[in-house]
Amino acid sequence: MKFLYKILLWTIIIMAAAFGISGYFFVNFVFQTSLEREVGQALDGSNILQFAFETASLNIPTKYGVLQDIAVEQIGAKLDGGGQGSGRLLRLSDEEKKALYVSEGFTEDTALLQTIVENSRSWQVIQQGERYYVQTGVMVNALDRNLYLETMEDVTEVFEERAMGFELYRHVTVVMLCVSTLVMFFICTFLTKPIRLLTRATRRMTVGDYGYRARQVSNDELGQLTQDFNSMANVLEGTIGELEEEVQAREDFIAAFSHELKTPLTAIIGYADLLRSRELDEEKHFLCSNYIYTEGKRLENMSFRLLDIIVTRREQIERQPVSAEIFFRYLEDMFAGNKDQRLQVSFEVGTVYAEVNLIKSVLSNLVDNACKASQVGDVVEVSGRIVEGGYEFRVQDYGVGIPEEELQRVTEAFYMVDKSRSRSRNGAGLGLALCEGILYLHKSELRIESTVGEGTSMSFVLFDMKEKQTEEGMNEI
Ligand code: ATP
Ligand code: MG
């Protein structure tokens, strides 16, 4: 059952109970008050009749000083004044409680008569047919006799009023219930709107619409819930986006990997087939074996790099303080054999916090890329300087440059701007991906500035450990 209908149902039940109970007590209270008034009047009437009877008995001529039954009957008839039509009935009984005079329609029941005692007035409410009466009883002293005077006052009207009261209240209750149900329906519809909006948002998100947000329509707890739901949805959308990107990146990686694997393998298989199926002269034989060797080397190189990338994604590193100079000396030694480009090194003496071998690998990759992008005879500059909070390395070349739209992608694994050019230089598009992984471990990143035709500058900063630690400490605070 819908929450809205539950509220409505409970409201109707509670209101029906409240109206019913309050109506019952109210009508009954009015009834009791009216009945008490009628009883009071009946008792007053009984009092007057008693007085009238005693006075009348004194004025009746008596025989032997005794009030005879016939005289009592006569007085009774006189006092009766109209019988049932007057609304008041009476009964006079003698000492043995035998009726001497009875109004027409007076009850035959003598229960009250049996309870009458001297100097007290008894009463009860009785029903006769469809009518209700207040019956009173009193002992009267007439001359030497103790007689009993009973009256009956018609109070049917009071009972009818009570029935009418109940009827009226029933109608009022039904009307009030209808009106309050209608009003409650609108109030509940308004109050439960945030719940409906939240439900809609949840359903939309269930079918994959992660960008859908619930509209906040109130500032109460439900409004807060909507806000929290939307914040949760934001986080969820971000996480799902990241996951999707990650999945996409993995798919791209696998696709590129299989492609890169296929090219050298095809060459190796092709040349190997040539070698085994034909008699080749020495020169061609050497060429074929050389292709197989270089492509095999490329595959080996690729597998090592891939392994390195995977390792950098998992490992924590130990950073050591070392002199920046060792990196520049390493580069000079490494590229001493390169006759095509000239390596120009300039650096400030300083301390670098690094995992030495990994940073050497980054720098040699960057210099290797710079050489591959340059013409024969070009200069490749490698520099180092102390910057605020760390030490900056920069590799600058004056080669082909990288188009602006490719800048974001060059660090992706297997991504090469010019595939044929890179492949011809034994590239697999893994160098910068590896550099990025290593720098990530050093809590740093690669900055690339490039202009097509003018050259490229790749730089990164290795932060001082102490400063970095205090920064982290402050962040935690
Ligand atoms: P690998 O490094 O695996 O041998 P690679 O050098 O082609 O192969 P990356 O080092 O990852 O791969 O470089 C990716 C691509 O970015 C290169 O193929 C090249 O197109 C471009 N690139 C990198 N450095 C430079 C540079 N200094 N100048 C121009 N293009 C560059
Ligand atoms: Mg490279």
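Each ligand, and each atom within it, is numbered from 1 in the order the structure gives.
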Margin query: Within the 4.0 Å heavy-atom shell around Tyr415, which atoms of ligand 1 are there?
Written below: 14 (C), 15 (C)
Note to self: I'd like to check whether Asn365 has a polar contact with ligand 1, where a contact means an N/O of the residue lying under 3.5 Å from an N/O of the ligand.
What the structure shows: no
Item checked: Lys297 and Glu295 ion-paired at < 4.0 Å -> no
Check: Which word best sums up how the rings of Phe166 and Tyr24 line up, parallel for under 30°, tilted for 30 to 60°, or perpendicular for over 60°?
Finding: parallel
Checklist line | side chain to side chain contact (heavy atoms under 4.5 Å, CB included), paired with Val417, selected from Leu407, Ile402, Val452 | finding: Ile402
Item checked: Those atoms of ligand 1 less than 4.0 Å from some heavy atom in Val417 -> 18 (O), 20 (O), 21 (C)
Notebook entry, point to check: Which one holds for Glu406 and ligand 1: side chain close, backbone close, both close, or neither close, with close meaning a heavy atom under 4.0 Å?
Noted result: neither
Next item on the list: May I ask you to check whether Arg298 and Thr294 show a side-chain donor-acceptor distance below 3.5 Å?
Entry: no
Notebook entry, point to check: Does the side chain of Tyr132 come under 3.5 Å of the side chain of Glu157 through a donor N or O and an acceptor N or O?
Noted result: no
Notebook entry, point to check: Should the ring pair Phe31 and Phe159 be called parallel, tilted or perpendicular, given that the plane angle runs from 0 to 90° and is split at 30 and 60?
Noted result: perpendicular
Check: For ligand 1, is Met458 a contact, meaning one of its heavy atoms is under 4.0 Å away?
Finding: yes
Determine all donor-acceptor pairs shorter than 3.5 Å in which one atom belongs to a side chain in residues 280-290; sequence neighbours excluded.
residue, atom, partner, partner atom, Å
Asp281, OD1, Glu283, N, 3.2
Asp281, OD1, Lys284, N, 2.8
Ser289, OG, His285, O, 2.5

Next item on the list: Establish, yes or no, whether a centroid distance under 6.0 Å links the rings of Phe327 and Phe393.
Entry: yes
Item checked: Within reach of ligand 1, part of Ile402 (heavy-atom separation under 4.0 Å) -> side chain
Check: Any N or O of Val400 that comes nearer than 3.5 Å to an N or O of ligand 1?
Finding: no
Notebook entry, point to check: Heavy-atom contacts under 4.0 Å between Leu430 and ligand 1: side chain, backbone, both, or neither?
Noted result: both
Margin query: Asp368 versus ligand 1: do any nitrogen or oxygen atoms come within less than 3.5 Å of each other?
Written below: no
Note to self: Using a 3.5 Å cut-off on N or O atoms only, is Gly429 in polar contact with ligand 1?
What the structure shows: yes
Next item on the list: Tell me the protein N, O or S atoms under 2.8 Å from the Mg ion (ligand 2), in chain and number order.
Entry: Asn369 OD1
Next item on the list: Answer with yes or no whether the side chains of Asn28 and Gln32 bring together a donor and an acceptor at under 3.5 Å.
Entry: no
Margin query: Does ligand 1 come near enough to Leu432 that some N or O of the ligand is less than 3.5 Å from an N or O of the residue?
Written below: yes
Margin query: Does this structure show an ion pair linking Glu237 with Arg213, if we count only N-O contacts that are shorter than 4.0 Å?
Written below: yes
Margin query: Quiz question: by atom type and distance under 3.5 Å, do the side chains of Thr107 and Asp109 form a donor-acceptor pair?
Written below: no
Notebook entry, point to check: Are a donor atom and an acceptor atom from the side chains of Arg394 and Ser457 found within less than 3.5 Å of each other?
Noted result: yes
Next item on the list: Could you name the option among Ser450, Ala413, Ala373 that has the heavy atom nearest to atom 29 (C) of ligand 1?
Entry: Ala373
Next item on the list: Return yes when Gly399 approaches ligand 1 closer than 4.0 angstrom through a heavy atom, no otherwise.
Entry: no
Check: Going from CG on Asn338 to SG on Cys371, what distance comes out if it is rounded to the nearest 0.5 angstrom?
Finding: 4.5 Å
Notebook entry, point to check: What about Gly431: any of its N or O atoms under 3.5 Å from an N or O on ligand 1?
Noted result: yes
